[in-house]
Undergrad: 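Shown below is the structure under consideration.
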Amino acid sequence: MVRGRFAPSPSGRMHLGNIFAALLAWLDVRSAGGVMVLRIEDLDVDRCTRDYAEQIIDDLHWLGLDWDEGGLQDEYCQSRRTAHYAAAFDTLAGRGMVYPCFCTRAERLAASAPHREDGSVVYGGRCRGLDEQQQQQLLASGRRPAWRVITPDEEWTVQDGNLGAYTLNLAQEQGDYILRRSDGVYAYQLAVVVDDALMGVDHVVRGRDLLSSAPCQAWLHRELGYRPPQFFHVPLLLAGDGKRLSKRERALDMAALRERYTPEELVGILAGWAGLLPEPQTVRPADLIAGFGWDRVPGEDIVAVLPE
Ligand code: GLU
């Protein structure tokens with residue numbers, strides 16, 4: 001039985017890209033007669049709010065997307081699942097796979113590490129070489145470290161269900177990534193792996209912006225003794241000028257979209273971009289289930305110009 005998930009971060013209103021991925025995640029599960037889980041990714045307590053989470057739930061309902069498990073209950077909210085992340089962290093730490101990193105932001109950026117295609121910096125491993133005594137000294141001086149996992153110098157390939165094979169060298173192209181932040185909060189990369197595993201999620205459908213995380217997550221699943229899920233990354237939506245749609249653009253968030261369109265109009269527009277309708281049409285998500293297939297969904301990013 002397929003188990004998929006919505007995993008929104010309630011740090012703002014959903015925007016066009018979020019609902020495009022959500023529609024495809026829902027169709028992937030419903031067309032397989034599977035189970036949909038809603039997990040609230042509110043790790044970042046400074047930015048995430050209950051109001052936003054409630055708003056997201058209302059927006060999903062408005063679109064006609066439903067789920068079978070999860071929501072605002074504690075066991076589906078990442079901010080309440082710290083014990084699970086701590087257990088996984090301790091497993092890795094017990095195997096000597098994590099180390100404290102005292103680098104400041106400036107030090108990280110100054111490290112002569114390659115920059116990835118998305119502009120992010122690959123951590124050069126500066127604090128990996130600290131010995132026990134140096135670590136103790138830094139801790140004693142009151143500096144609070146983040147904790148990184150030691151990535152192997154190995155290529156990892158995921159077979160993406162929409163985009164095909166995707167390979168990354170974990171050490172060289174991702175670098176040792178953070179599992180626990182210096183404020184003590186467990187990081188997205190650890191939480192998402194633990195949650196997908198413990199919630200039995202075996203289909204992960206999300207935006208292509210997270211593709212480069214997939215090999216890291218698949219590797220972490222294996223290290224923790226779990227089976228990695230099947231990933232499906234969906235194209236990004238681009239503005240008319242070919243640039244990625246801005247999350248900050250108000251006209252593309254659900255508040256504005258709900259004023260401008262009916263749910264059936266909006267779902268029809270998304271379905272057209274997803275290759276599921278030959279021409280724009282008003283539809284409910286349920287009308288798309290029978291015709292859904294990943295072979296219809298494009299791999300290239302989509303110029304998403306909203307009709308008047
Ligand atoms: N919470 C993430 C987001 O809203 C999604 C994480 C994931 O799908 O793995 O962008």
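These numbers come from the heavy atoms of this one structure, side chains and all, not from hydrogens, waters or symmetry mates. This structure is a prediction, so every number in the text was calculated from the model and none was measured.
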Undergrad: If you count every heavy atom of other residues, nucleotides or ligands that lies below 6.0 Å from R284 atom CZ, does the total exceed 12?
TA: no
Undergrad: Quick one: sort the F232 and W294 rings into parallel, tilted or perpendicular, breaks at 30° and 60°.
TA: parallel
Undergrad: For R128, look at atom CZ and say whether over 12 heavy atoms of other residues, nucleotides or ligands are found less than 6.0 Å away.
TA: yes
Undergrad: Please assess D44 against V185 for the test side-chain contact (heavy atoms from CB on, under 4.5 Å), listing each intermediate value before the final yes or no.
TA: CA-CA 8 Å; D44 194 342; V185 175; over 6 Å; no
Undergrad: Can you tell me how far apart CG (D196) and CD (Q217) are? Round to the nearest 0.5 Å.
TA: 7.5 Å
Undergrad: Is there a chain of hydrophobic side chains (I, L, V, M, F, W, Y, each step under 4.5 Å between heavy atoms) that links V204 to L224?
TA: yes
Undergrad: Are I269 and P307 close enough that some pair of their side-chain heavy atoms sits under 4.5 Å apart?
TA: yes
Undergrad: Do you know the tightest heavy-atom contact between V122 and A171?
TA: CG1-O, 4.1 Å
Undergrad: What I'd like to find out is whether the side chain of L245 reaches to under 4.5 Å of the side chain of F20, using heavy atoms alone.
TA: no
Undergrad: Measure the CZ-NE2 distance between R13 and H15 for me, rounded to the nearest 0.5 Å.
TA: 13.0 Å
Undergrad: Taking R3 for its side chain and M199 for its backbone only, find out whether a donor-acceptor pair lies under 3.5 Å.
TA: yes
Undergrad: Should V98 and L138 be counted in the same cluster of Ile, Leu, Val, Met, Phe, Trp and Tyr side chains packed under 4.5 Å apart?
TA: no
Undergrad: Compare every heavy atom of L276 with every heavy atom of R296, then report the nearest pair and how far apart it is.
TA: NH2-O, 3.3 Å
Undergrad: Using every non-hydrogen atom in the two residues, find where V267 and L63 come nearest and quote the distance to one decimal.
TA: CG2-O, 3.7 Å
Undergrad: Looking at every non-hydrogen atom in both residues, tell me the closest pair between G275 and P298 and how far apart they are.
TA: N-CD, 4.4 Å
Undergrad: At what distance, to the nearest 0.5 angstrom, does CG of L270 lie from CD1 of I19?
TA: 4.5 Å
Undergrad: Atom CZ of residue position R260 - does it have more than 12 heavy atoms of other residues, nucleotides or ligands inside 6.0 Å?
TA: yes
Undergrad: Would you confirm whether E54, through its side chain, and D51, through its main-chain N or O, come within 3.5 Å as a donor-acceptor pair?
TA: no
Undergrad: When S213 is tested against each of Q189, Q174, R206 for side-chain hydrogen bond (donor to acceptor under 3.5 Å, both in side chains), which residue passes?
TA: Q189
Undergrad: Answer yes or no: is there a donor N or O on one side and an acceptor on the other, between the side chain of D301 and the main chain of P235, under 3.5 Å?
TA: no
Undergrad: Step by step, would you call L211 with F231 a side-chain contact (heavy atoms from CB on, under 4.5 Å)?
TA: CA-CA 9 Å; L211 179 63; F231 292 99; over 6 Å; no
Undergrad: Apply the test side-chain hydrogen bond (donor to acceptor under 3.5 Å, both in side chains) to residues D202 and Q230: give CA-CA distance (whole Å), side-chain angles for both, the deciding distance (0.1 Å), then the verdict.
TA: CA-CA 6 Å; D202 58 4; Q230 170 72 57; over 6 Å; no
Undergrad: Measure the OH-CD distance between Y186 and Q78 for me, rounded to the nearest 0.5 Å.
TA: 13.5 Å
Undergrad: Taking all atoms of both residues into account, what is the closest heavy-atom pair of I40 and A53, and its distance?
TA: CG2-CB, 4.2 Å
Undergrad: Do D153 and Q172 have side chains that approach each other closer than 4.5 Å (heavy atoms only, starting at C-beta)?
TA: yes
Undergrad: With a 4.0 Å cut-off on N to O distance, would you call D195 and R5 a salt bridge?
TA: no
Undergrad: Between L24 and N162, does a side-chain contact (heavy atoms from CB on, under 4.5 Å) hold up when you go through it step by step?
TA: CA-CA 11 Å; L24 288 169; N162 190 40; over 6 Å; no
Undergrad: Taking all non-hydrogen atoms of both residues, which atom of W67 and which atom of G70 are closest, and how far apart?
TA: NE1-O, 3.6 Å
Undergrad: State which residue, out of P8, C77, S11, S9, fulfils the side-chain contact (heavy atoms from CB on, under 4.5 Å) condition with D42.
TA: C77
Undergrad: Does CZ belonging to R227 count more than 12 external heavy atoms closer than 6.0 Å?
TA: no
Undergrad: Using the rule that two of Ile, Leu, Val, Met, Phe, Trp, Tyr join whenever any of their side-chain heavy atoms come within less than 4.5 Å, decide whether L266 and V234 are in one cluster.
TA: yes
Undergrad: Is there side-chain contact between L43 and R181, with at least one heavy-atom pair below 4.5 Å?
TA: no
Undergrad: What I'd like to find out is whether the side chain of L306 reaches to under 4.5 Å of the side chain of L16, using heavy atoms alone.
TA: yes
Undergrad: Answer yes or no: is there a donor N or O on one side and an acceptor on the other, between the side chain of Y177 and the main chain of C216, under 3.5 Å?
TA: yes
Undergrad: Determine whether the side chains of Y76 and E69 contain a donor N or O and an acceptor N or O closer than 3.5 Å.
TA: yes
Undergrad: Salt-bridged, R30 to D66, with N to O below 4.0 Å?
TA: yes
Undergrad: Kindly compute the distance separating CZ (R222) from CH2 (W156), expressed to the nearest 0.5 Å.
TA: 6.0 Å
Undergrad: Within the structure provided, determine whether N18 and D59 are in side-chain contact (heavy-atom separation under 4.5 Å).
TA: no
Undergrad: Contact between V149 and D176 at the side-chain level, heavy atoms closer than 4.5 Å - yes or no?
TA: no
Undergrad: Quick check: is V158 connected to V2 through a chain of hydrophobic side chains (ILVMFWY, heavy atoms under 4.5 Å apart)?
TA: no
Undergrad: If you round to the nearest 0.5 Å, how far is CD1 of I150 from CZ of R148?
TA: 11.5 Å
Undergrad: Evaluate E265 against T282 for side-chain contact (heavy atoms from CB on, under 4.5 Å), listing each step before the verdict.
TA: CA-CA 5 Å; E265 284 167 351; T282 56; 3.7 Å; yes
Undergrad: Do W26 and D28 make a side-chain contact, defined as non-hydrogen atoms from C-beta onward lying under 4.5 Å apart?
TA: no
Undergrad: Any chain of hydrophobic side-chain contacts (each under 4.5 Å) joining L179 to L210?
TA: yes
Undergrad: For the backbone of A256 and the side chain of D253, can you confirm whether one donor and one acceptor N or O come within less than 3.5 Å of each other?
TA: yes
Undergrad: Closer than 3.5 angstrom, by distance alone: can the side chain of R81 be matched with the main-chain N or O of V194 as a donor-acceptor pair?
TA: no
